[in-house]
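Reviewing the structure listed below.
The first residue of the sequence shown is numbered 1, and numbering continues consecutively from there. Values below: every heavy atom of this structure, side chains too, minus hydrogens, waters and symmetry copies.
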Amino acid sequence: MDTLILSRMQFAANISFHILFPTITIALGWALLFFKVRYNQTKEDRWMEAYRFWVKIFALSFALGVVSGITMSFQFGTNWPGFMETVGNIAGPLLAYEVLTAFFLEAVFLGIMLFGFSRVPNWLHTTATFLVAFGTLMSAFWIIVLNSWMHTPQGYEMIEGVAHATDWSAIIFNPSMPYRLAHMVLASFITVSFLIAGVSAFRWLVGGRTEGVRVALKTAVFSAALLLPLQIYMGDMHGLNTKEYQPAKVAAMEGHWETSSGVPLILFGLPDEDARENHYEIGIPNLASFILTHSWDGEIKGLNDFVTHDGEVLHPPVAPVFWSFRVMVGTGLLMLLVSWGASAMMLRKRRGVEGLPKPMLYALVAMSFSGWLATLAGWYTTEIGRQPWLVHGVMTTKQAVADVPAPMVLSTLLAYLAVYAVLLTAYIYVIFYLARKMSRGEDIGTRVAPSAKAQVKAVPAE
């Protein structure tokens, strides 16, 4: 493996670890705001109990997101100097906007949100919660703007090999940005819905049958059930946009080699780039054409259209994109099945959480981090699918990589992987440690409402 491959692997490891935590904080901030507003409206302790538990998870996720984000940003200089040298006039301001309008907002009001329960007026604490949630959303907005511009660049001109902005509105509202932003934000809300549902189901199973656990579990399950169909629709819209601006990515996602009409939807196959065909292919006739063109006989470009006469390949590596796309879709469909099943059980005879049998509770626990799997698979589909371009049509990944010895990149890659494995294990352990302890009414950092403690002792586990 040369420096280019190792540098790509290192950045992929960093972004894979980092994206896990913004995926949680983007939506969890709004979930906390919902809990707090419902408490203000009803004065019921159950909403504040849910808030007090999940604000701890938000703080933990925020801390790891910040640390991993800083590490990732260093690689622009150490591994990819050509990126900022070529498009720094555009990427630099967008990253600065993210820090100024989002990160500072989150950091300033996070302290009030975490420690101001009894130290500031209730309206100020609620306002701080809103501003933190709004800051996480703004952070996502600016990062998605930059990422989308790299996929569908607009509003610039090249002068002596350097990109210069000519229209900031075109840069910000580039063709793929609205679809990519909506898809990512929905992914975050679905991820958090399953995280809250899974951890709340765990708390219920270990005896934490308080009203706070009950309301968090119901809210999360119903949210997931409502959001997943919307995400499927938005994914279809995003796919149509990708077909227009990045047809090579769509061809790799679908595993189609020749341009043709009435293209089948390939459910399974083993892409072979050397033979330029799929082995053991299983497909549904004409369905890919219908999904991508809304016509049963629609034409879809094949991968062979993106190979030059001299043999240069201008499409992404097929197998990673093909399989990551199917992991994303398969995980999403499983999440839809589980959320709809759990919702139906709770609505049946209006039994609520008591209507969930133990197998469904265990299924929810197992699906706690399913949103991470779907998000990572979707991210790999998007980012690997952009290859060989770093900024589509402007510069290739090879043009941006630093001239660093491969063994040095390999050593830092292994160090990153070791540290990230430890941190990720610790993160998941701490979440379930807090869930178990607080389900038993033990005080972990903040006080559980007295009524909640009484309920923990009063309701035995089955």
Side-chain angles (χ1 to χ4, degrees), residues 8-24 26-27 65 68 72 140 143-144 147-148 150-151 176 179-195 198 224 227-243 246 248-256 265-271 278 288 291-292 315-339 366-387 417 420-421 424 427-428:
R8 286 180 58 193
M9 291 174 62
Q10 186 178 98
F11 194 81
N14 277 269
I15 191 66
S16 297
F17 182 76
H18 171 70
I19 198 176
L20 301 178
F21 306 106
T23 301
I24 289 176
I26 290 168
S68 57
M72 185 181 66
I143 295 301
I144 292 297
N147 182 262
S148 299
M150 293 166 64
H151 285 268
S176 66
Y179 305 99
R180 204 176 302 276
L181 178 64
H183 200 51
M184 183 63 208
V185 171
L186 284 170
S188 176
F189 274 87
I190 294 168
T191 297
V192 167
S193 294
F194 270 89
L195 178 64
L227 291 173
L228 276 159
L230 182 58
Q231 178 71 313
I232 292 171
Y233 170 77
M234 187 50 61
D236 178 62
M237 298 297 292
H238 190 192
L240 296 178
N241 178 265
T242 303
K243 174 180 173 292
Q246 295 177 298
K249 181 191 296 186
V250 172
M253 289 162 53
E254 299 296 336
H256 295 305
L265 177 65
I266 299 174
L267 301 177
F268 176 84
L270 298 178
N278 300 324
I291 293 173
L292 291 168
H315 64 70
V318 180
V321 178
F322 180 86
W323 285 112
S324 61
F325 178 68
R326 276 147 186 78
V327 170
M328 178 189 69
V329 173
T331 305
L333 292 176
L334 180 60
M335 295 167 83
L336 180 68
L337 178 64
V338 171
S339 63
M367 296 283 286
S368 297
F369 296 97
S370 56
W372 275 0
L373 178 61
T375 298
L376 284 176
W379 194 258
Y380 294 156
T381 301
T382 294
E383 299 307 306
I384 299 175
R386 185 178 54 202
Q387 298 299 318
L417 291 175
Y420 288 161
L424 189 58
Y427 175 83
I428 295 174

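With sequence neighbours left out, the side-chain contact (heavy atoms from CB on, under 4.5 Å) criterion links Ala377 to Val327, Met328. With sequence neighbours left out, Thr381 forms a side-chain hydrogen bond (donor to acceptor under 3.5 Å, both in side chains) with Ser324. Here Tyr427 pairs with Ser61 under the side-chain hydrogen bond (donor to acceptor under 3.5 Å, both in side chains) rule; sequence neighbours left out. Residues passing the side-chain hydrogen bond (donor to acceptor under 3.5 Å, both in side chains) test with Arg326: none are found, sequence neighbours excluded. Residues satisfying the side-chain contact (heavy atoms from CB on, under 4.5 Å) criterion with Ala13, sequence neighbours excluded, are Leu413, Leu417. Under the rule for a ring-ring contact (aromatic ring centres under 6.0 Å, His included), Phe322 has no partner lying at least two apart in sequence or in another chain. Evaluation of the salt bridge (Lys or Arg N to Asp or Glu O under 4.0 Å) rule for Arg180 yields no partner, not counting sequence neighbours. The ring-ring contact (aromatic ring centres under 6.0 Å, His included) test applied to Trp323 returns Phe268, not counting sequence neighbours. Judged as a side-chain hydrogen bond (donor to acceptor under 3.5 Å, both in side chains), and not counting sequence neighbours, the contacts of Gln231 are His183.
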| request: Take Gln246 and Val250 through the side-chain contact (heavy atoms from CB on, under 4.5 Å) test and state the conclusion after the steps. | output: CA-CA 7 Å; Gln246 295 177 298; Val250 172; over 6 Å; no
| query | Run the side-chain contact (heavy atoms from CB on, under 4.5 Å) check on Leu336 and Ile232 step by step: do they pass? | reply | CA-CA 10 Å; Leu336 180 68; Ile232 292 171; 4.1 Å; yes
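The nearest pair of heavy atoms linking Leu227 to Ile190 is CB-CG1, 3.8 Å. The two residues Ser188 and Pro22 have their closest heavy-atom pair at OG-O, 4.2 Å. Between Ile291 and Leu265, the closest heavy-atom pair is CD1-CD2, 4.2 Å. The two residues Ala224 and Ser339 have their closest heavy-atom pair at CB-CB, 3.9 Å. Residues Ile384 and Pro320 approach most closely at CD1-CB, 4.0 Å, considering heavy atoms. Across every non-hydrogen atom of Gly255 and Asn278, the tightest pair is O-ND2, 2.7 Å.
In this structure, Ile26 CD1 and Ile143 CD1 are separated by 9.5 Å, a value rounded to the nearest 0.5 Å. The CG atom of Asn147 sits 4.0 Å away from the CH2 atom of Trp379 when rounded to the nearest 0.5 Å.
Contacts classified as side-chain hydrogen bond (donor to acceptor under 3.5 Å, both in side chains) and involving residues 232-242 (residues at least two apart or in different chains) are not found. Note on residues 10-22: pairs passing side-chain hydrogen bond (donor to acceptor under 3.5 Å, both in side chains), not counting sequence neighbours, are Gln10-Asn79, Gln10-Thr412, Asn14-Gln75, Asn14-Tyr420, Ser16-Tyr380, His18-Ser68.
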Taking distance alone, no hydrogens or angles, what donor-acceptor pairs closer than 3.5 Å link side-chain atoms of residues 369-376 to residues at least two apart or in another chain?
from: Ser370; atom 1: OG; to: Met367; atom 2: O; distance (Å): 2.8
from: Trp372; atom 1: NE1; to: Leu20; atom 2: O; distance (Å): 3.0
from: Thr375; atom 1: OG1; to: Gly371; atom 2: O; distance (Å): 2.8

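Only one option out of Val318, Leu292, Val321 pairs with Met253 in a side-chain contact (heavy atoms from CB on, under 4.5 Å); it is Val321.
A side-chain donor-acceptor contact under 3.5 Å links His151 and Glu383.
No side-chain donor-acceptor contact under 3.5 Å links Lys249 to the backbone of Pro316.
Counting heavy atoms of neighbouring residues, nucleotides and ligands inside a 6.0 Å radius, atom CZ of Phe21 exceeds 12 of them.
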